[in-house]
Amino acid sequence: MPAMMKAIVLERFGEPSEVLQVREVPVPKPGPGEVLVRMIASPINPSDLLMVRGRYVVLPSLPATPGFEGVGVVTEAGPGLLGPWVKGKRVVAINDKGGNWAEYAVIKARQARPVADDIPDEQAASLFVNPMTALGFTETMKLEGYTGIVHAAAASNLGQMLVKICLEDGIPLVNIVRSAEQVKLLKDLGATHVINSTDADFMAQLTDAIHETGAMLGFDPIGGGTMASQMLSAMEASASRGAAFSRYGSSTPKKVCIYGALDIGPTILNRAFGLTWDLSGWLLTPFMMKAGMEVVARMRARVMKDLTTTFPSHYKARVDLDGMLTKEAVSEYNARRTGEKYLVVP
């Protein structure tokens with residue numbers, strides 16, 4: 001084992017181009033219940049960029065290395081583990097506090113899940129956050145008694161996975177996108193309801209789609225602005241069609257979950273959707289704890305079974321640690337545009 005390694009280091013929060021550096025740092029040592037993983041690949045997810053900007057309520061201590069998920073090979077086991085059975089195995093590396101944008105990373109042994117030999121590295125690197133989140137949406141729908149989903153920024157890699165899941169499971173889904181090209185992208189996947197938010201009659205289209213599907217549970221990765229409010233307003237307009245007047249609005253439960261911050265500005269609610277509504281945050285790890293081991297095991301098994309069909313990940317570019325901090329790379333992955341995801345290959 002080398003004594004030193006390259007790693008991306010974050011010493012203060014801010015824009016990636018201003019606060020990330022490549023440094024030579026000591027190779028970490030695994031503690032009890034941990035393993036050391038030689039990193040093969042780690043994606044740059046929106047959640048990673050939120051961490052870099054300091055947008056999470058619970059912040060890691062600094063300096064720190066970002067990178068929540070990835071794939072690598074176990075090289076060393078910490079005290080108390082039966083090291084020989086894990087050493088040399090290729091595993092999914094889930095790092096709750098970050099650390100994967102480096103040549104080596106320490107992770108909890110229980111989060112080092114072996115990967116089948118026929119799964120490519122680039123797919124194994126992203127088989128947790130997006131696939132499990134997409135499945136988490138449908139499981140949340142079932143747990144909370146809803147029957148359909150509205151999803152914003154739906155042309156994303158995660159959104160495309162959700163389209164496929166809902167088609168397979170017969171779940172009504174209303175997709176909100178922001179261009180004609182994205183409408184075509186999802187229609188080509190088989191999506192029925194795809195609404196362009198830039199259309200002049202967007203709200204009318206959205207209300208009609210919700211009325212047709214009965215979708216009263218929304219998931220919004222934008223966060224800032226009025227998207228959550230627009231979802232709730234369209235849900236209320238649909239629920240009120242043909243109903244007797246009530247000064248309190250319809251009694252139909254309506255809910256929107258914010259699970260991202262593509263817009264880091266304030267969330268704006270224009271209160272035109274009655275009083276029977278709910279707005280909350282949604283995060284994968286707390287959901288998994290709430291759903292329980294049986295549900296989570298079923299989700300994981302489905303991801304592994306359908307990884308190359310329902311849950312494939314696509315990347316615009318692959319970069320090493322130095323390459324991810326070039327002006328061109330930072331400007332592209334920091335824009336978080338559809339189809340421009342980056343994979344870090346330490």
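Each residue takes its place number in the sequence, starting with 1.
- Residue Met293 qualifies as open at atom CE: its count of foreign heavy atoms under 6.0 Å is 12 or below.
- Sorted by first and then second residue, the side chain to side chain donor-acceptor pair (under 3.5 Å) pairs involving residues 213-222 (not counting sequence neighbours) form an empty list.
- The hydrophobic clustering, which links ILVMFWY residues whose side-chain heavy atoms are closer than 4.5 Å, places Val344 and Val106 apart.
- Criterion: ILVMFWY side-chain heavy atoms under 4.5 Å apart, direct or through other members. Under it, Val25 and Val19 are not part of a common hydrophobic cluster.
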Please table the atom pairs, donor to acceptor, closer than 3.5 Å between any side-chain atom in residues 256-263 and protein atoms at least two apart or in another chain.
residue	atom	partner	partner atom	Å
Tyr259	OH	His151	NE2	2.7
Asp263	OD1	Gly265	N	2.8

Apply the test side chain to side chain contact (heavy atoms under 4.5 Å, CB included) to residues Arg241 and Thr207: give CA-CA distance (whole Å), side-chain angles for both, the deciding distance (0.1 Å), then the verdict.
CA-CA 10 Å; Arg241 283 186 180 178; Thr207 301; 3.6 Å; yes
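- Between Val174 and Ala215, the shortest heavy-atom contact is CG2-CB, 4.4 Å.
- Scanning both residues, Ala112 and Ile107, for their nearest heavy atoms gives CB-CD1, 3.6 Å.
- Within the 4.5 Å cutoff, the side chain of Leu20 has heavy atoms near those of the Pro66 side chain.
- Taking the side chain to side chain contact (heavy atoms under 4.5 Å, CB included) definition, one finds that Met203 meets it with Leu206, Gln230, Ser233, Ala234, sequence neighbours left out.
- The hydrophobic cluster containing Val150 also contains Leu158, counting ILVMFWY residues as joined when their side-chain heavy atoms lie under 4.5 angstrom apart, directly or transitively.
- Side-chain N or O atoms of Asp199 include none that pairs as donor or acceptor with a backbone N or O of Asp201 at under 3.5 Å.
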Distance-only donor-acceptor hits, side chain of residues 161-172, under 3.5 Å, sequence neighbours excluded:
residue	atom	partner	partner atom	Å
Lys164	NZ	Thr309	O	3.1
Glu168	OE1	Arg302	NH2	2.8
Glu168	OE2	Thr310	OG1	2.6
Asp169	OD1	Arg302	NH1	3.4
Asp169	OD1	Arg302	NH2	3.0
Asp169	OD2	Arg302	NH1	2.9

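- In this structure, OG1 on Thr133 lies 9.5 Å from CE on Met288, to the nearest 0.5 angstrom.
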Does Asn334 form a side chain to side chain contact (heavy atoms under 4.5 Å, CB included) with Leu49? I'd like the steps, not just the answer.
CA-CA 7 Å; Asn334 197 35; Leu49 298 177; 4.1 Å; yes
Apply side chain to side chain contact (heavy atoms under 4.5 Å, CB included) to residues Val27 and Met4 and explain how you reach the verdict.
CA-CA 5 Å; Val27 173; Met4 303 294 288; 5.6 Å; no
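- Across every non-hydrogen atom of Ala209 and His193, the tightest pair is CB-ND1, 3.9 Å.
- The CD atom of Glu76 sits 6.0 Å away from atom CE of Met1, with the distance rounded to the nearest 0.5 Å.
- Atom CZ of Phe13 sits about 11.5 Å away from atom CG of Leu50, to the nearest 0.5 Å.
- For residues 110-132, every residue pair satisfying the side chain to side chain donor-acceptor pair (under 3.5 Å) rule, not counting sequence neighbours, is listed here: Arg90-Asp121, Asp96-Gln111, Glu122-Arg318, Ser126-Tyr315.
- Side chain of Asp306 to main chain of Phe311: no donor-acceptor pair is present (N/O by atom type, distance under 3.5 Å, no hydrogens or angles).
- Looking only at side-chain heavy atoms (C-beta outward), Glu144 and Met216 stay at 4.5 Å or farther from each other.
- When all heavy atoms are compared, the tightest approach of Thr147 to Gly214 is OG1-O, 3.7 Å.
- Remark: Leu135 CG to Arg300 CZ distance equals 12.0 Å, nearest 0.5 Å.
- The list of salt bridge (Lys or Arg N to Asp or Glu O under 4.0 Å) pairs with a residue in residues 319-331, not counting sequence neighbours, reads Lys6-Asp322.
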Begin with the C-alpha distance, continue with both residues' side-chain angles, and end with the deciding distance and a verdict on side chain to side chain contact (heavy atoms under 4.5 Å, CB included) for Leu186 and Gln160.
CA-CA 7 Å; Leu186 296 191; Gln160 294 175 50; 4.0 Å; yes
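- Remark: the backbone N or O of Gly323 is paired with a side-chain donor or acceptor of Thr326 at under 3.5 angstrom.
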N/O donor-acceptor pairs under 3.5 Å from side chains in residues 29-46, not counting sequence neighbours:
residue	atom	partner	partner atom	Å
Glu34	OE1	Gly31	N	2.7
Ser42	OG	Glu69	O	2.6
Ser42	OG	Trp101	NE1	3.4
Asn45	OD1	Lys341	NZ	2.9
Asn45	ND2	Glu69	OE2	2.8

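- For residues 172-189, every residue pair satisfying the salt bridge (Lys or Arg N to Asp or Glu O under 4.0 Å) rule, not counting sequence neighbours, is listed here: Lys184-Asp188.
- Side-chain atoms of Asn100 come within 3.5 Å of backbone atoms of Ala93 as a donor-acceptor pair (strictly under, hydrogens ignored).
- Residues Phe287 and Leu143 form a side-chain contact, since some pair of their non-hydrogen atoms from C-beta on lies under 4.5 Å apart.
- In this structure, the side chains of Lys255 and Leu217 come closer than 4.5 Å at one or more pairs of heavy atoms.
- Side-chain atoms of Glu212 and Ser238, non-hydrogen and from C-beta on, never get closer than 4.5 Å to each other.
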Atom pairs and distances, side-chain donor-acceptor, residues 267-275, under 3.5 Å, sequence neighbours left out:
residue	atom	partner	partner atom	Å
Thr267	OG1	Gly223	O	2.7

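- Taking all atoms of both residues into account, the shortest heavy-atom contact from Pro16 to Val330 is CB-CG1, 4.3 Å.
- Remark: the backbone N or O of Val177 is paired with a side-chain donor or acceptor of Ser197 at under 3.5 angstrom.
- The closest side-chain heavy-atom distance from Phe202 to Ile195 is below 4.5 Å.
- Partners of Tyr146 according to the side-chain hydrogen bond (donor to acceptor under 3.5 Å, both in side chains) rule, which considers only residues two or more places apart in sequence or in another chain, do not exist here.
- Rounding to the nearest 0.5 Å gives a distance of 8.5 Å between CE of Met299 and CZ of Phe128.
- Residues satisfying the salt bridge (Lys or Arg N to Asp or Glu O under 4.0 Å) test with Glu236, not counting sequence neighbours, are Lys254.
- Using a 4.5 Å heavy-atom cutoff, the side chains of Ile8 and Val22 are in contact.
- With rounding to the nearest 0.5 Å, the separation of CE in Met132 from CD1 in Ile94 is 9.0 Å.
- A side chain to side chain donor-acceptor pair (under 3.5 Å) check over residues 273-297, counting only residues at least two apart or in different chains, returns the pairs Thr140-Trp282.
- Between the side chain of Tyr333 and the backbone N or O of Met324 there is at least one donor-acceptor pair closer than 3.5 Å.
- At least one donor-acceptor pair closer than 3.5 Å links the side chain of Ser179 to the backbone N or O of Gln182.
- Of all the heavy atoms in Leu279 and Ala228, the pair that sits closest is CD1-CB, 3.9 Å.
- The shortest distance between side-chain heavy atoms of Ile119 and Met304 falls below 4.5 Å.
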